[in-house]
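Structure first, then comments.
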Amino acid sequence: MKKIITIIKGDGIGPEIVTEAMKVINTIGKRYHHEFIFQEIAAGGNAIDQYGTSLPKESLEKCLNCDSVLLGAVGGPKWDHVDPSIRPEKALLTIRSEMGLYANLRPAKLFPQLADASPLKESIVSEGIDFVVVRELIGGVYFGKRSTITENDELIARDEMSYSEHEIKRIAKIAFETARKRGKNVISVDKANVLDTSRLWRKIMEQVAKDYPDVNYNNMLVDNAAMQIVKCPSQFDVIVTENMFGDILSDEASMITGSIGMIPSSSLGDGTRGMYEPIHGSAPDIAGQNIANPIGTILSAAMMMKYSFDMAEESEAIEKAVHTVLNEGYRTTDIMSFGKTKVSCSEMGDLIIKYL
Ligand code: IPM
Ligand code: MG
């Protein structure tokens with residue numbers, strides 16, 4: 001097969017981790033006789049520096065004309081004070097929205113080799129952590145109207161949050177379909193005791209749930225969900241929630257696994273073209289030192305192969321190689337523990353290739 005992959009290295013550690021993932025993709029290409037063509041684009045803070053905007057028009061066009069996008073990370077304190085309309089994050093939001101990627105899947109899975117890295121008690125971790133947050137990605141307060149105005153001599157800021165039936169229905173379907181392939185258990189998270197958007201969310205979720213009698217379905221309020229994720233994470237299989245709740249809960253979910261650097265994510269819409277990225281940020285504090293963990297990005301490439309390219313075998317080969325490297329005791333700084341062998345970002349990439 002021939003696949004065009006748009007590459008966004010981004011800012012901070014982005015270039016280092018994406019370089020390792022590209023090495024892995026190239027190796028898979030040779031091994032399985034696929035032609036992977038990379039088209040690299042500028043987006044994020046580096047694009048602001050170079051072009052005065054975080055997403056040049058040609059960059060967006062290349063995202064819309066490819067088979068999938070692989071992204072490292074964008075943003076950093078250097079661009080904290082630029083105009084909101086060109087902020088690095090704006091590039092990400094525009095790409096998500098223009099590509100129609102409404103379903104963001106963020107797995108929270110404990111690597112048994114790294115169980116002691118979890119901040120949770122052993123008695124909780126030993127029950128297992130293996131769930132996925134299905135986050136609605138192109139609606140809600142992230143994409144509502146916003147304004148800051150002056151009234152009676154003071155500033156007032158507004159952010160509008162809205163959801164329409166069709167937006168809720170399509171993400172509900174993704175959640176139930178995902179659960180069918182996993183533990184057949186969906187928990188929809190909302191704030192229906194306060195918000196109208198949540199009341200509609202719950203109503204539609206309950207309707208869609210009727211089409212999936214084989215999947216267990218429950219609602220949970222978001223504050224309770226935040227608590228339950230640290231108290232008893234083993235109860236979760238699929239959490240489906242709106243954009244901002246999903247942003248917050250998915251960070252919490254990844255943290256409890258103890259290895260935020262290891263977690264990939266996929267963002268998909270109605271077609272097979274998606275965007276894949278590790279869930280961690282650009283980590284400017286360690287950028288350029290070759291010590292970042294490239295595994296989250298490498299596993300994102302594996303997800304791309306499975307979900308967008310229908311290459312299950314290739315995807316599993318990458319996952320297996322990652323497990324072997326961990327079993328052999330190799331660790332990047334963020335997951336290092338006593339008695340293990342510390343390796344750099346590029347050495348980790350090389351090791352994964354060696355075990356492929
Ligand atoms: C994420 C990030 C983004 C988001 C930021 C960078 C805009 O936190 O992908 O979770 O809030 O969606
Ligand atoms: Mg986030």
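Note that the structure is a prediction, hence the values are computed from the model and not measured. Atoms within a ligand are numbered from 1 in the order they appear, just like the ligands themselves.
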Is [X] salt-bridged to [Y], going by a charged N under 4.0 Å from an acidic O?
{"X": "Lys184", "Y": "Asp214", "result": "no"}
{"X": "Lys78", "Y": "Asp11", "result": "no"}
{"X": "Asp350", "Y": "Lys23", "result": "yes"}

Requested in this report: Look at the rings of Tyr163 and Trp201 and say which category their plane angle falls in: under 30° parallel, 30 to 60° tilted, over 60° perpendicular.
Outcome: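 Taking Trp201 first and then Tyr163, their aromatic rings stand perpendicular (interplane angle over 60°).
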Query raised in the report: Between Ser308 and Tyr276, do the side chains contain an N or O donor and an N or O acceptor separated by less than 3.5 Å?
Result: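 Yes.
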Query raised in the report: Does a donor on one side chain sit under 3.5 Å from an acceptor on the other, for Gln228 and Asn224?
Result: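 Distance-only check passes for Gln228 and Asn224.
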Query - Test side-chain contact (heavy atoms from CB on, under 4.5 Å) applied to Asn193 - qualifying residues, sequence neighbours left out - result: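 With sequence neighbours excluded, Asn193 shows a side-chain contact (heavy atoms from CB on, under 4.5 Å) to Lys191, Leu221, given in chain and number order.
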Query raised in the report: For the Mg ion (ligand 2), which protein N/O/S atoms are closer than 2.8 Å?
Result: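 Metal shell, protein only: Asp247 OD1.
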Report task. Show the numbers, then the answer: is there a salt bridge (Lys or Arg N to Asp or Glu O under 4.0 Å) between Arg170 and Asp270? Result -> CA-CA 9 Å; Arg170 64 187 183 187; Asp270 285 326; 5.4 Å; no
Please tabulate, one line per pair, the protein nitrogen or oxygen atoms found under 3.5 angstrom from a nitrogen or oxygen of ligand 1, with distances to 0.1 Å, or say none if there are no such pairs.
unit_1   : atom_1 : unit_2 : atom_2 : d
ligand 1 : 8 (O)  : Asp247 : OD1    : 3.2
ligand 1 : 9 (O)  : Arg96  : NH2    : 2.7
ligand 1 : 9 (O)  : Arg106 : NH2    : 2.8
ligand 1 : 10 (O) : Arg106 : NH1    : 3.0
ligand 1 : 10 (O) : Arg106 : NH2    : 3.1
ligand 1 : 10 (O) : Arg135 : NH1    : 3.3
ligand 1 : 10 (O) : Asp247 : OD1    : 2.9
ligand 1 : 11 (O) : Tyr142 : OH     : 2.5
ligand 1 : 11 (O) : Asp247 : OD1    : 3.4
ligand 1 : 12 (O) : Arg96  : NH1    : 2.8
ligand 1 : 12 (O) : Arg135 : NH1    : 3.2
ligand 1 : 12 (O) : Arg135 : NH2    : 2.8

Report task. Output every pair passing ring pair (Phe, Tyr, Trp, His ring centres under 6.0 Å) with a member in residues 82-129, not counting sequence neighbours, ordered by first then second residue. Result ->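 For residues 82-129, and leaving out neighbouring residues, the ring pair (Phe, Tyr, Trp, His ring centres under 6.0 Å) pairs sorted by first residue read Phe111-His323.
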